[in-house]
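Input: a single structure, listed below in structure tokens.
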Number of protein chains: 2
Amino acid sequence: MTRAPRPPRLLDVADRAGVSIATASRSLNGVAGVSPAVADRVRQVAESMGFVPNAHARSLAGGQESSVGLIVGEIGDPYFTEIASGVIGIAAESDRLVQICHAEDPETLVAQVRLLRANRVGAIILAGSGMVDPVREAAVEAELASFLASGGRVAAIGRHSLAVDAVLPDNVGAGRAVAEHLLALGHSQVAVLAGPAELNTVADRLDGLLGALGSARVTVTHHPFSREGGVSGARAVLDATPDATAIVALSDVMAIGVLAELRERGIRVPQDVSVTGIDDIAVAAELSPALTTVRLSMTEIGAAALVLADQEPAATLRSEATAVELVVRSSTAAPRNPATTLR
Amino acid sequence: MTRAPRPPRLLDVADRAGVSIATASRSLNGVAGVSPAVADRVRQVAESMGFVPNAHARSLAGGQESSVGLIVGEIGDPYFTEIASGVIGIAAESDRLVQICHAEDPETLVAQVRLLRANRVGAIILAGSGMVDPVREAAVEAELASFLASGGRVAAIGRHSLAVDAVLPDNVGAGRAVAEHLLALGHSQVAVLAGPAELNTVADRLDGLLGALGSARVTVTHHPFSREGGVSGARAVLDATPDATAIVALSDVMAIGVLAELRERGIRVPQDVSVTGIDDIAVAAELSPALTTVRLSMTEIGAAALVLADQEPAATLRSEATAVELVVRSSTAAPRNPATTLR
DNA sequence: TAGGTTAACGTAAGCGCTTACGTAAGTGCT
DNA sequence: AGCACTTACGTAAGCGCTTACGTTAACCTA
């Protein structure tokens, strides 16, 4: 006899245990009103049959089985990995699954939100950077509004342009912290390697940086927010502004690329040039030289985002700003000699 | 008028469009048998109402909406991150969501598999290392058997003790590659920092290593499979066997800890001691010194695992072995002087 | 023009659960 | 002994979809 490869249903369990489907359901869910003897028998039968309740049916029938959706920019990026880690930690506390998707542009973002909505997740955490241009966010905004209107919860990380609750790392402050640190060291020629200009995160960090850098001579170039962006950015700097005494990467991942390129060329850090990042991802401390950066505590921010989303929806938009902290390591030092160029 | 915050249903769309629910369903799914005019109208109404079909109901009703479940050991670990990246890449090709959970011990592993089963995922990818002791795997085995029996697909990564299809990185070969490299350099005193002895991955790497190391004098100690494990391992080695000329960490993450501790103590790599890892995670090349390691290509392995799981179930267990490649960087060199100790 | 097709829809039966409600015993009280 | 409660269960109505099948009306063909 070959049974169809189909999971056993609650009804199968009930039949085998000689009870009604209602009693079976109550037994397995620990609902009162079932004699202990019967409940035990049902549980044993269920166990022996390898019964696992269908979460879809359960959620359809009204049971709250809501999972959480997380949308990140790039899975492999430690920045997002740490956020994911924080979100998953909180989700696990209440036995919720986290569905992770990635979306780099607003169009796929909309698609992912729809997919998540189709799966009736209870909450969506948006972890990619927002766009400076509100027009590109319009579709996302609409999709999220639909979700919210139907009872969904949303929390964004580092997106202040979206009309949803948000946890906002102090990107402006992070930029400022880097600037003040370099200023204090005596740098006056700094090359900034920014990520894509259309990202809010980039704009904010840049604002803080340029605002505080004041009189210092600074050049800004834009590159991909990746290791490769750091590599090509470093090359551009060495070509265009070889007299820079500090290279500021707007993310640690970019800084990794910068360090790699400088090493490649035999340029010493921090003796010949100082390098900084932002984020303080886990490996920042393991690089050589260890990277001076700004800690944003992405893991905690991820956790905070889900906690925020879990709260009762409020009438007003909530936004939770988180503090940043400059972490001085060995990739920065006073410029060797203000007159000296990189080569 | 305050509507209950509930997503619009197909029925709502049908009513508004003035058609039956069946026609609405057919229109939205592009099923033949609906006049183009009506289908268009339904689609417009659905769009205007922000309708997103309930994936749970759809899957209940027989539609195939299966997503894939991925169980990893630790989200933050680059080893798993790269696997996840590979799995997600393949899943995205067919619009499937990936549900990521983590489980470090067999008990929570069982729980996670159940959760995934409850959510009726079509496939489960198991990415943590298996246990050497088959007894501890028994419950996992049973849970997976139940899942398979009910039509689920499973693929494991690096677990050969489980009766499921598997992609097997050549851990033995990886260990051997490290051994041969060190032997060729002339090392004869090597300290091995292994992960937990109960892990299959550790046992295999150790097998390959010790098998090839032959006459060389080698000491093996076990530590957590983490950066901290590397730190404490390095301390143990410096205390117990300061005459070692090479420290072999059985994973890159551990090697990071080793490098950190050596740097802390002012011990130069590779001049004073050589260090190796295994995995070739992305940052391995960015460390200082850049880490000599063995590339397992975890991203591709993750992708291969899902492809394997997606195939029609075969009568016999499939296992796909993947090649490894020694990557020599600058953390290894010939021992300075066979007679010299670490201090 | 009667009979047979076909296109375009509607009806209704589930999918596997939860849960409000109904019912039949058992318990305690007067 | 009769009543009102409880307790322990069963019945059945959905949840929001898909889809087999039924029903029209328009369209052919002989």
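Hydrogens, waters and symmetry mates play no part in the numbers below; they use all other heavy atoms, side chains included.
Atom CZ in A:Arg117 sits about 15 Å away from atom C1' in D:dG16, given to the nearest Å. Between the CG atom of A:Leu10 and the P atom of D:dG10 there is a distance of 12 Å, rounded to whole Å. If you measure from atom CG of B:Leu11 to atom P of D:dT18, you get 13 Å, rounded to the nearest angstrom. Atom-to-atom, CZ of A:Arg41 to P of D:dA8 comes out at 14 Å; the value is rounded to the nearest Å. The CG-P distance, from B:Leu28 to D:dG16, rounds to 16 Å in whole Å. Rounded to a whole Å, the CZ atom of A:Arg58 is 18 Å from the P atom of D:dG16. Across the protein-nucleic acid pair, A:Asn119 atom CG and D:dC17 atom P stand 13 Å apart, rounded to whole Å.
For the pair A:Arg153 (side chain) and A:Ala309 (backbone), a donor-acceptor distance under 3.5 Å is present. Of the possible donor and acceptor atoms, none in the side chain of B:Arg26 sits under 3.5 Å from a partner among the backbone N and O of B:Val31.
Salt bridge present: A:Asp12 and A:Arg9 bring a charged side-chain N and a carboxylate O closer than 4.0 Å.
Separating the SG atom in B:Cys101 from the CG atom in B:Leu116 is a distance of 4.5 Å, to the nearest 0.5 Å. Taking CD1 from A:Ile71 and OG1 from A:Thr108, the interatomic distance works out to 8.5 Å, rounded to the nearest 0.5 Å. Atom CD of A:Glu300 is separated from atom CD of A:Glu82 by 10.0 Å, given to the nearest 0.5 angstrom.
Inspection of the B:Ser67 and B:Gln99 side chains reveals an N or O donor paired with an N or O acceptor under 3.5 Å. Side chains of B:Arg318 and B:Gln311: a donor on one and an acceptor on the other come within 3.5 Å.
Taking side-chain N and O atoms only, B:Ser25 has a distance below 4.0 Å to OP1 or OP2 of D:dT18.
Residues from residues 29-40 of chain A lying near DNA chain C, meaning a heavy-atom separation below 4.0 Å, are A:Asn29 in numerical order.
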Polar atoms only, N or O, under 3.5 Å: list the protein pairs with nucleotides 11-15 of chain D and their distances.
{"residue": "D:dC15", "atom": "O2", "partner": "A:Leu60", "partner atom": "O", "Å": "3.2"}
{"residue": "D:dC15", "atom": "O2", "partner": "A:Ala61", "partner atom": "N", "Å": "3.2"}

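Looking at A:Leu308, A:Ile301, A:Thr322 one by one, the single match for side chain to side chain contact (heavy atoms under 4.5 Å, CB included) with A:Ile157 turns out to be A:Ile301.
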